[in-house]
Amino acid sequence: MLSEKTVQIVKEITPVVAANSEVITTRFYERMFKGNPEVKAFFNQAHQHSGGQQRALAGAICAYFSNIDNLEALGPAVELVAQKHCSLGIKPEHYPIVGKHLLDAIKDVMGEAATDEIIEAVAEAYGLLADVCIGREAEIYNDQKTKVGGWNGYRKLVVDRKVPENDIVTSFYLKPVDGNPLPEYLPGQYITVRIDHPTTPTSPRNYSLSDRPGTGHFRISVKREPSLADGAPGGLISNYLHDSVEVGDEIEVGPPCGEFTLDPTTTNGRSIVFLAGGIGITPLLSMAKSLAHAKVSTPIYFLQAARNSLAHAMAEEVRELSANGANIQTKVIYDAPLAEDLEAVKCDAEGMVTKERLSEWTPVNDSEFYLCGPPPFMASMLSNLRELGVDESRVRHEFFGPKQALEV
């Protein structure tokens with residue numbers, strides 16, 4: 001437990017830290033990458049360049065400081081961080097590195113206002129959080145290693161099949177090189193792919209498992225990521241997977257991780273609504289297919305939003321959901337349909353997923369909602385659900401990339 005003095009000091013400095021949080025985190029990463037360049041391998045530099053990583057860390061620091069006297073409220077955030085750390089192989093020895101550079105960044109930004117007493121209090125608060133994370137990560141690592149087919153670190157899997165899903169999404173079916181089994185996982189989890197890129201060394205990437213467990217393979221469905229700015233390259237790993245990885249090639253993969261999950265054995269009978277935007281379909285399809293395979297009687301509603309048929313991934317698998325289960329209903333909406341899309345009735349509606357459509361297509365008042373998609377889609381869905389009176393306890397959502405606050 002933190003001392004009363006530390007709690008009081010942290011509460012007093014929280015407004016100042018919040019006002020300068022992104023400046024502090026930007027300085028933190030600058031110092032850490034310069035002082036300990038070996039840790040740079042854990043960070044996606046595209047998120048550094050976009051500022052997403054800095055904003056995510058700033059938000060995490062503010063949340064921790066704001067709840068310094070109510071740490072139980074941080075349970076979900078700690079689980080997210082611990083799962084992410086385990087996907088990348090973060091170890092206890094990395095925490096002192098982060099702590100040192102974080103304290104130095106606070107000193108740099110706050111100047112003389114960062115007294116010895118304040119720095120000692122922040123150090124104590126960081127130490128407690130580090131201990132909590134290290135403890136949870138030890139549990140995750142042990143669970144990964146001891147389950148049937150499990151492992152720690154990276155394992156070589158071979159590409160058994162490579163299937164284009166549309167113009168920009170390709171699925172990779174992965175099987176173990178050693179012939180041993182793959183571990184069971186919870187629908188919604190992701191694996192980590194480490195690629196020795198031939199020209200530009202970069203960090204590993206997380207990709208959601210897009211098929212149900214128990215198939216004998218892992219499947220990831222990867223979107224070819226475009227350039228984020230004029231003159232900048234497209235996504236290093238996504239484009240490499242699309243262009244250079246073929247059937248028979250081996251890649252290094254970490255064990256399943258992630259807290260955005262659904263356990264088919266614990267459904268409570270309440271309707272489940274999946275809201276998928278773009279490539280956000282991947283974890284949600286795994287969940288829905290798992291429920292269908294388990295033959296649960298729970299009413300299931302799967303809503304998928306896409307630009308048009310050219311950008312519509314896993315269309316056939318979504319249609320099969322409703323064909324194979326009387327309790328499963330699916331809807332597809334295109335916001336920019338092609339003329340032939342409407343003629344061939346490839347979608348159920350044109351436009352956006354509005355609160356009116358949510359009310360029409362789903363039992364809003366008694367459902368659990370699972371959301372995944374691009375930030376604008378997520379912001380719109382969360383806003384719609386809030387306006388419809390859906391309590392936050394009935395909504396689960398996942399972002400690809402650094403966790404970030406949504407303005408809704």
Side-chain angles (χ1 to χ4, degrees), residues 162-171 208 210-211 219 221-227 234-235 238 242 271-289 291-292 299-364 367 369-388 390 397-400 406 408:
K162 180 180 179 181
V163 180
E165 302 290 354
N166 60 23
D167 286 356
I168 57 174
V169 176
T170 295
S171 288
S208 294
S210 60
D211 209 346
R219 183 180 75 173
S221 302
V222 181
K223 176 187 174 185
R224 183 190 290 273
E225 294 294 343
S227 169
S238 67
H242 275 254
S271 300
I272 296 176
V273 177
F274 298 105
L275 301 176
I279 196 61
I281 188 177
T282 50
L284 303 185
L285 185 60
S286 176
M287 293 178 182
K289 292 183 71 171
L291 291 171
I300 299 166
Y301 301 81
F302 198 102
L303 278 59
Q304 183 182 12
R307 294 286 292 167
N308 48 50
S309 59
L310 295 179
H312 187 178
M314 332 304 253
E316 186 60 32
E317 290 184 51
V318 171
R319 281 192 288 269
E320 288 176 357
L321 286 173
S322 56
N324 295 332
N327 61 317
I328 304 177
Q329 297 185 36
T330 63
K331 294 288 186 181
V332 173
I333 184 168
Y334 290 165
D335 62 65
L338 307 173
E340 54 266 35
D341 293 341
L342 301 177
E343 294 172 2
V345 195
K346 292 185 177 180
C347 60
D348 298 287
E350 177 183 359
M352 311 297 286
V353 181
T354 62
K355 64 181 180 180
E356 289 78 18
R357 284 200 170 101
L358 286 174
S359 294
E360 177 187 353
W361 288 347
T362 72
V364 171
S367 296
F369 291 82
Y370 289 78
L371 292 65
C372 191
F377 172 84
M378 299 290 289
S380 176
M381 293 306 97
L382 291 173
S383 178
N384 287 337
L385 292 175
R386 181 176 297 172
E387 290 183 29
L388 290 169
V390 177
H397 56 82
E398 169 89 318
F399 277 118
F400 296 146
L406 284 175
V408 297

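No experiment lies behind these values; they were computed from the predicted model shown.
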Task: Distance (rounded to the nearest 0.5 Å) between N166 CG and R307 CZ - done: 13.0 Å
Open item on the list: Using only atom types and a distance under 3.5 Å, with no angle test, would you say the side chain of K289 pairs donor to acceptor with the backbone of L321?
Closed with: no
TODO: State, yes or no, whether a side-chain contact exists between P363 and Y301 at a heavy-atom distance under 4.5 Å.
DONE: yes
Open item on the list: Main chain of D211, side chain of S286: is a donor-acceptor contact present, judged purely on distance under 3.5 Å?
Closed with: yes
Task: Min side-chain heavy-atom separation T354-S359 under 4.5 Å - done: no
TODO: Please report the closest heavy-atom contact between C372 and G280, naming both atoms and the distance.
DONE: CB-O, 3.3 Å
Open item on the list: Before you tell me yes or no, could you show the steps for N327 and I300 under side chain to side chain contact (heavy atoms under 4.5 Å, CB included), namely the whole-Å CA-CA distance, both residues' side-chain angles and the distance that decides it to 0.1 Å?
Closed with: CA-CA 6 Å; N327 61 317; I300 299 166; 4.1 Å; yes
Open item on the list: Please check this pair: side chain of S238 against backbone of E225, looking for a donor-acceptor N/O pair closer than 3.5 Å.
Closed with: yes
Task: Heavy-atom pair of closest approach, residues R357 and M352 - done: NH1-O, 2.8 Å
Open item on the list: Taking ring pair (Phe, Tyr, Trp, His ring centres under 6.0 Å) as the definition, give me every residue that meets it alongside Y334, ordered by chain and number, with sequence neighbours left out.
Closed with: H312
- [ ] Would you name the heavy atoms of G277 and F377 that are closest together and state the gap between them?
- [x] N-CE2, 3.5 Å
- [ ] Measure from the side-chain N and O atoms of R219 to the backbone N and O of S210, and report whether any donor-acceptor pair falls under 3.5 Å.
- [x] yes
Task: Member of L382, I281, L303, L284 meeting the side chain to side chain contact (heavy atoms under 4.5 Å, CB included) criterion with L275 - done: L303
- [ ] Ignoring hydrogens and angles, tell me if any N or O in the side chain of S383 forms a donor-acceptor pair with the backbone of A379 under 3.5 Å.
- [x] no
Task: Side-chain donor or acceptor of Q304 paired with backbone N/O of A313 under 3.5 Å - done: yes
Open item on the list: Checking the side chain of D348 only, and the main-chain atoms of I333 only, is there a donor and an acceptor separated by less than 3.5 Å?
Closed with: no
Task: Point-to-point distance, once rounded to the nearest 0.5 Å, from NE2 of H242 to NZ of K162 - done: 7.5 Å
TODO: Report yes if the side chains of T282 and V169 come closer than 4.5 Å at any heavy-atom pair, otherwise no.
DONE: no
Open item on the list: Given 3.5 Å as the limit, does a donor-acceptor pair link the side chain of N308 with the main chain of D341, or not?
Closed with: no
TODO: To the nearest 0.5 Å, tell me how far T330 OG1 sits from R319 CZ.
DONE: 9.0 Å
Open item on the list: Distance check, rounded to the nearest 0.5 Å: F369 atom CZ versus N384 atom CG?
Closed with: 10.0 Å
Task: Interatomic spacing from CG in D167 to OG in S309 - rounded to 0.5 Å - done: 9.0 Å
- [ ] Look up atom CG in L291 and atom CD1 in I272, then write down how far apart they are to the nearest 0.5 Å.
- [x] 5.0 Å
